[in-house]
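Here's the structure we're looking at; comments come further down.
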Amino acid sequence: MPSRNSKSVYFFYIRFSSMGKIFHDFGEYLILLGRMFSKPEKPRMYWKETFRQMHDIGIGSLTVIAIVATFIGAVTAVQFSYQLRGIGLVPMWWVGAIVRKSLILEMAPTLTALLLAGKVGSNIASELGSMRTSEQIDAYEIMGVNTSSYLIAPKILASIVVIPMLVVISVFLGIIGGWAAGVLGHFYSTAEYVRGVQDYMKNWDLVVMLIKALLFSFAIASVSCFKGYTVKGGALEIGKASTQAVVLSSIVVIIINFFVAFLLLD
Amino acid sequence: MIEVIDIHKQFGEQKVLKGISSVFEDGKCNLVIGKSGSGKTVLIKTMVGLVEPDSGDVKYDGRSFTQMNKKDRTILRREIGMLFQGSALFDSMTVEENIRFPLDMFSDMTEAEKLEQVNFCLARVNMPNTNKKFPDELSGGMKKRVGIARAIVQNPKYLFCDEPNSGLDPKTSIVIDELIKEITIEYNMTTLINTHDMNSVMGIGDNVLFLHEGLKYWEGDSKEIMNITDGELFDFIFASDFLKNLRKNARV
Ligand SMILES: Nc1ncnc2c1ncn2[C@@H]1O[C@H](COP(=O)(O)OP(=O)(O)OP(=O)(O)O)[C@@H](O)[C@H]1O
Ligand SMILES: [Mg+2]
């Protein structure tokens, strides 16, 4: 039947053209990142911009990260306490170890990264997008500024410095949250919790956490820069690009998360 | 002097520029006029390399722009100042930071020298004491003026202005035109201005180029343009029947 046939041809056409687009976009992404590595016109200006970005990303995200991390620590503590108490055979001080371990390996880096994919990702994409559509990027180019370097490198550098710091902060706050929740709920004493937190500490876990945090922050910043920098069109396009930046960088974070766990944890 | 040699540019099927050639001289205000959508902005952007031409060349005092590599283009661009159609001020920076940016990035001036240069340019465009304002606190005309100040802060040899007075009242338009004319003569720059404002044509048009359907339809100066009696350019200049009749009566 011709109609059915042409339908399936059309289907494959769509399939392949969208696959083609993904590869095309990925190629453009790599090219943009490649152009980022060029000699800065004035290193001082690049540092200044990097510090501005560090301030924006760091201070701008601190409150939300703090709130989320504290409550995640608290809820992890409450859930495990509830379950361990149900089993009854396990000492309650284990909860401290469990909270610490799950914060370090999973909760702190992944949740922080997902939150920041939303916040920092959309900020970066819409900032660059509106600079593109209002011709500010062209204005830099005309001055002789290498925009694929000046507008992108400081954002990526700032992210890979600040986001791991935020992850470390959220580990601490999560542990405090777990302590507060457990003590308020009379699951364990402060001494028990502290003992748990200090027990079974593996340095490798911290290394994995930092590797994750670095990869996540690079992914969020670079994907969002790419989406924003390559916007074409008007205000509507900026909105779309910033949504895409958030969705795409969240997906990339989740995928990286899996591979890091798969490759680095036995 | 800028030479434009047989520039072609098309977007998809649409041929926007179908072979434009011209010479723009130093110390003169060169105007490009034409209907909205006739390709004025595309022409300027091709000349400065924001849009790649399909064929043709642009020569800046004999230096072929299309044959330059990226690095040489970057260096040449430091001799270019440009005012964008929408001003394109950096909205995260104050007026002062906007104007100072090229100096920060490329010059070895001291802070005091930079500030002096910024204030000089601000005074030049008649906007003293607005250093600490942000672009969104300015009116459209003020943004244009800051845009001009930023374009001239490095004493460019070539100045491009894309519709410097669109959206401005006739008086402010004239002030801006006069300003561009003054600095063009003062610094002996090669200035290219896109406009569809007939006041500008009459006021500052040393050399006027009329774009129509992708071609250079007419070129001459502002005195010659008044002697046009028919054709596309006549329709463009004397757009309303009122003006056409006025013109006819004047000739009779
Ligand atoms: N990046 C682009 N992609 C596709 N088409 C474009 C692009 N830039 C310009 N065009 C088309 O080229 C034509 C000329 O546009 P241009 O902006 O140069 O007009 P203009 O003469 O500056 O008009 P105006 O006076 O309104 O500013 C228009 O039809 C426009 O649709
Ligand atoms: Mg235009």
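Lettering follows sequence order; numbering is per chain, from 1. Just so it is clear, the values below take in all heavy atoms, side chains as well, and ignore hydrogens, waters and symmetry mates.
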With only heavy atoms counted, which part of [X] is less than 4.5 Å from chain A, the side chain, the backbone, both or neither?
| X | answer |
| --- | --- |
| S87(B) | neither |
| L89(B) | backbone |
| F160(B) | neither |
| I80(B) | both |

Among I67(A), I57(A), L166(A), V162(A), exactly one meets side-chain contact (heavy atoms from CB on, under 4.5 Å) together with L62(A). Which residue is that?
L166(A)
May I ask you to establish whether R73(B) and F65(B) are in a cation-pi arrangement, using a distance under 6.0 Å from NZ or CZ to the six-membered ring centre and at most 45° from the ring axis?
yes
Would you verify whether the NZ or CZ of K42(A) falls within 45 degrees of the ring axis of Y46(A) while also being under 6.0 Å from that six-membered ring's centre?
no
At a heavy-atom distance under 4.5 Å, which candidate from M45(A), Q136(A), E135(A) has the highest pair count against chain B?
Q136(A)
Exceeds 12 heavy-atom contacts within 6.0 angstrom, atom [atom1] of [X]:
| X | atom1 | answer |
| --- | --- | --- |
| K35(B) | NZ | no |
| F90(B) | CZ | yes |
| F258(A) | CZ | yes |

Between Q154(B), K45(B), K70(B), who has the most heavy-atom pairs with chain A when the cutoff is under 4.5 Å?
K45(B)
So for Y150(A), is it side chain, backbone, both, or neither that comes closer than 4.5 Å to the heavy atoms of chain B?
side chain
